[in-house]
Amino acid sequence: MTNKMWGGRFASGPAAIMEEINASIDFDKRLSAQDIAGSRAHCEMLARTGIIDREDASVILKGLDTIASEIEAGNFEYSRALEDIHMNIEARLAALAGPVAGKLHTARSRNDQVATDFKLYIREALLHLEGLLHDLQRELAQKALLHAATVMPGFTHLQSAQPVTFGHHCLAYVEMFARDRSRFADARKRADECPLGAAALAGTSFPIDREQTAKALGFSGPAANSLDAVSDRDFVLEALSGASITAVHLSRLAEEIVVWSSPGFGLVKLSDAFTTGSSIMPQKRNPDAAELVRAKTGAVFGAFTQLLIVMKGLPLAYSKDMQEDKVPAFTALDTLSLMLAAMSGMVGDLEPDKEAMAKAAGEGYSTATDLADWLVRNLDMPFREAHGVTGKIVALAESSAIALENVPLGDMQKIESGITDDVFSVLSVEDSVKSRTSFGGTAPSNVRKMAQKWIKRLESDPTSG
Ligand code: ARG
C-alpha cells in the first residue's frame, strides 16, 4: 500500500526495511500534544484569514479534540505505515472528519510542523529541568544552613588543604546549579521564535498570519527566515549543551558523595534509602545512586555529541537526518531529570559525621596558612618569609607527630622569636574558618547569611518547579 499522505506519485508501498528505518512514530508520538496544539493554532489562523471556511475549521477543530481525548485515554492506534506523529494525526482526522480534514495542511508542511512541535516540547522540558534544579538548590541551601558551622577539610588535589564548613561546600553547588538554571532560561529566551508558516522551506503564497499562530502557541513572534526556521535545531543543541554542563556538576557532586561516604574518608553517611548492600559482603553499604548519577552523565554527553554530529554539514533546508534529533534529546533530558531527582533525594538524605569531619579537618596541618597569616599580621613579615617560617614549624610538628596547636610555644620561638601566645588563637580549625570572613569566604557567619539569602530567593522565585 502506498502512503495515503504523499503516495500519489508512488506505485507501491515501501520495502519493509524502508519502513523500519523511516518511521519515527515509535518515538515522536511523544510530540502528540504539541502537534495538536500546532494544528489548532494553524486551523484557527486559516479560518481567521479566510483561507478556509469557518465551518470547515470547526469540523477540523472538533476532530482534533476527539483525537486529543483518544490519545489521552490511550486508545489512539498509532501506525508505522503512517511514519510519524504528524501523519498519524492527520490520517485519523481524515477518518473522523472526511475530506475536509485535508484542508488543514494548507500553507503548512511537515517541515515547519515538526520544527514547531519540537521547539514547543524543548521549551517545556527546559522549564521542567529548571524546576528540578530549583528543588535541588533548596535541598542544598537547607543543608547549608543546618551545617553553616560544621567544619570539614577543604581539599585541593583531594588532599586536605584548609578547613571549610560543610555548609560552604553545599553552597558552592547552589551557585553552580544557579548558573545551570540561568543557562536553561537563557536557552528558552532564544527558542522564542515560531517556525510555523515557514512551510516546506520557502514560505507560502497563502495570506497566512504568522504573528497570530506564534502568539497562540506562546512564542513572542515568528522566525524571520523560512529557510532558517525549518533548518534550525539550535534550540535542541543549546538544551543538550546546558544539560551536559549540569551533568558535569551532578557528576562532581556524585563523586564527592562516593568518596566522602567511603570508609577511608567516612565524612558522610547515606541511609538505607540511597544505598544498597552487597550479596556477598554483609558489611557493605554501597552508594549506588551516586555512582549511577556519575555514570549517567555519559548518556547526556553522548546525546549532545550525537546531535552535533547529525547536524554538522547538513545543507539547508530540511533533510531526513534531522528526524534523528529526537531520540538523543529525549534520552538526555529524561536522564538528566532522573539524575536531578535522585540527587535531590540524596542531598536530603545525606548526614555529615560532624566528629569525623572535624577530626579530618585538623589533619595534614590544614591551619598552616593561618599561622603564616598570623606572622604577616602581627610581625609585619612579608608573606613569602612567613611561608618559610611556617614550613619549619610544620616540619618540627611533623617530626614529633603532633598537631600544630600542640607545638610548645618555646619550640616555635626557637624558629621565630617574635611569636607569642596569641598564635594559638588561630591554630584550631574552628578559629580558622571563623576568621575567613572575606566576601565569599567560609566563615560560618557568611555561610549562614548566604544560605538564608538563597532559601528566601528560592522561595520567592517565580520559576520554581
Ligand atoms: N518525521 C519527520 C521528522 O521528524 C517529519 C518531517 C518530515 N519531512 C519530510 N520532508 N520528510 O523530521
Side-chain angles (χ1 to χ4, degrees), residues 2-10 13-15 17-39 41-42 67 71 76-94 102 104-125 191 194-204 213 217 223 226-237 239-240 303 306-334:
T2 70
N3 187 301
K4 278 192 271 180
M5 300 293 152
W6 47 250
R9 201 168 60 79
F10 288 76
I17 197 69
M18 172 60 188
E19 185 175 296
E20 177 86 30
I21 195 172
N22 195 36
S24 55
I25 188 61
D26 292 344
F27 49 85
D28 66 18
K29 62 176 156 206
R30 278 178 72 154
L31 300 177
S32 64
Q34 291 77 10
D35 197 66
I36 290 172
S39 287
H42 186 65
I67 294 171
I71 291 174
F76 185 92
E77 245 176 73
Y78 294 103
S79 149
R80 268 195 167 184
L82 289 163
E83 275 187 47
D84 57 23
I85 186 63
H86 324 292
M87 293 203 289
N88 268 266
I89 289 178
E90 207 182 320
R92 180 68 187 135
L93 190 64
L104 176 61
H105 215 53
T106 314
R108 185 177 81 169
S109 151
R110 274 190 296 156
N111 297 347
D112 59 338
Q113 204 178 343
V114 71
T116 305
D117 293 1
F118 205 26
K119 214 170 197 177
L120 286 170
Y121 180 92
I122 294 289
R123 282 154 55 100
E124 284 166 37
C194 183
L196 196 60
L201 72 163
T204 175
T213 42
L217 291 169
S226 62
L227 285 169
D228 176 46
V230 293
S231 312
D232 170 36
R233 291 296 181 272
D234 291 2
F235 57 97
V236 196
L237 288 171
L240 298 192
Q306 189 178 339
L307 188 58
L308 283 170
I309 294 169
V310 167
M311 293 307 294
K312 76 163 272 299
L314 280 191
L316 305 190
Y318 180 86
S319 298
K320 200 57 172 271
D321 306 53
M322 289 162 73
Q323 180 166 284
E324 294 293 311
D325 57 359
K326 290 175 202 67
V327 172
F330 293 149
T331 306
L333 303 179
D334 288 351

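Quick note: residue numbers are just sequence positions, from 1. Whatever order the structure lists them in is the order used to number ligands and atoms, beginning at 1.
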Sequence neighbours excluded, every pair satisfying salt bridge (Lys or Arg N to Asp or Glu O under 4.0 Å) that has a member inside residues 20-32
E20-R80, D26-R80, R30-D334
If the condition is ring-ring contact (aromatic ring centres under 6.0 Å, His included), which residues does F76 pass it with, not counting sequence neighbours?
Y78
Could you pull out every N or O of ligand 1 that sits under 3.5 Å from a protein N or O, with the distance for each pair?
unit_1: ligand 1; atom_1: 1 (N); unit_2: S24; atom_2: OG; d: 3.4
unit_1: ligand 1; atom_1: 1 (N); unit_2: D84; atom_2: OD2; d: 2.9
unit_1: ligand 1; atom_1: 1 (N); unit_2: Q323; atom_2: OE1; d: 2.7
unit_1: ligand 1; atom_1: 4 (O); unit_2: K326; atom_2: NZ; d: 2.7
unit_1: ligand 1; atom_1: 8 (N); unit_2: N111; atom_2: OD1; d: 2.9
unit_1: ligand 1; atom_1: 10 (N); unit_2: N111; atom_2: OD1; d: 3.1
unit_1: ligand 1; atom_1: 12 (O); unit_2: Y318; atom_2: OH; d: 2.4

Where do T204 and G197 come nearest, in terms of heavy atoms and distance?
CG2-O, 4.5 Å
What salt bridge (Lys or Arg N to Asp or Glu O under 4.0 Å) pairs are there with at least one residue in residues 312-321, not counting sequence neighbours?
E83-K320
Verify the neighbour count for atom CD of Q323: are there more than 12 heavy atoms of other residues, nucleotides or ligands below 6.0 Å?
yes
List the steps and the verdict of side-chain contact (heavy atoms from CB on, under 4.5 Å) for L196 and R108.
CA-CA 8 Å; L196 196 60; R108 185 177 81 169; 4.2 Å; yes
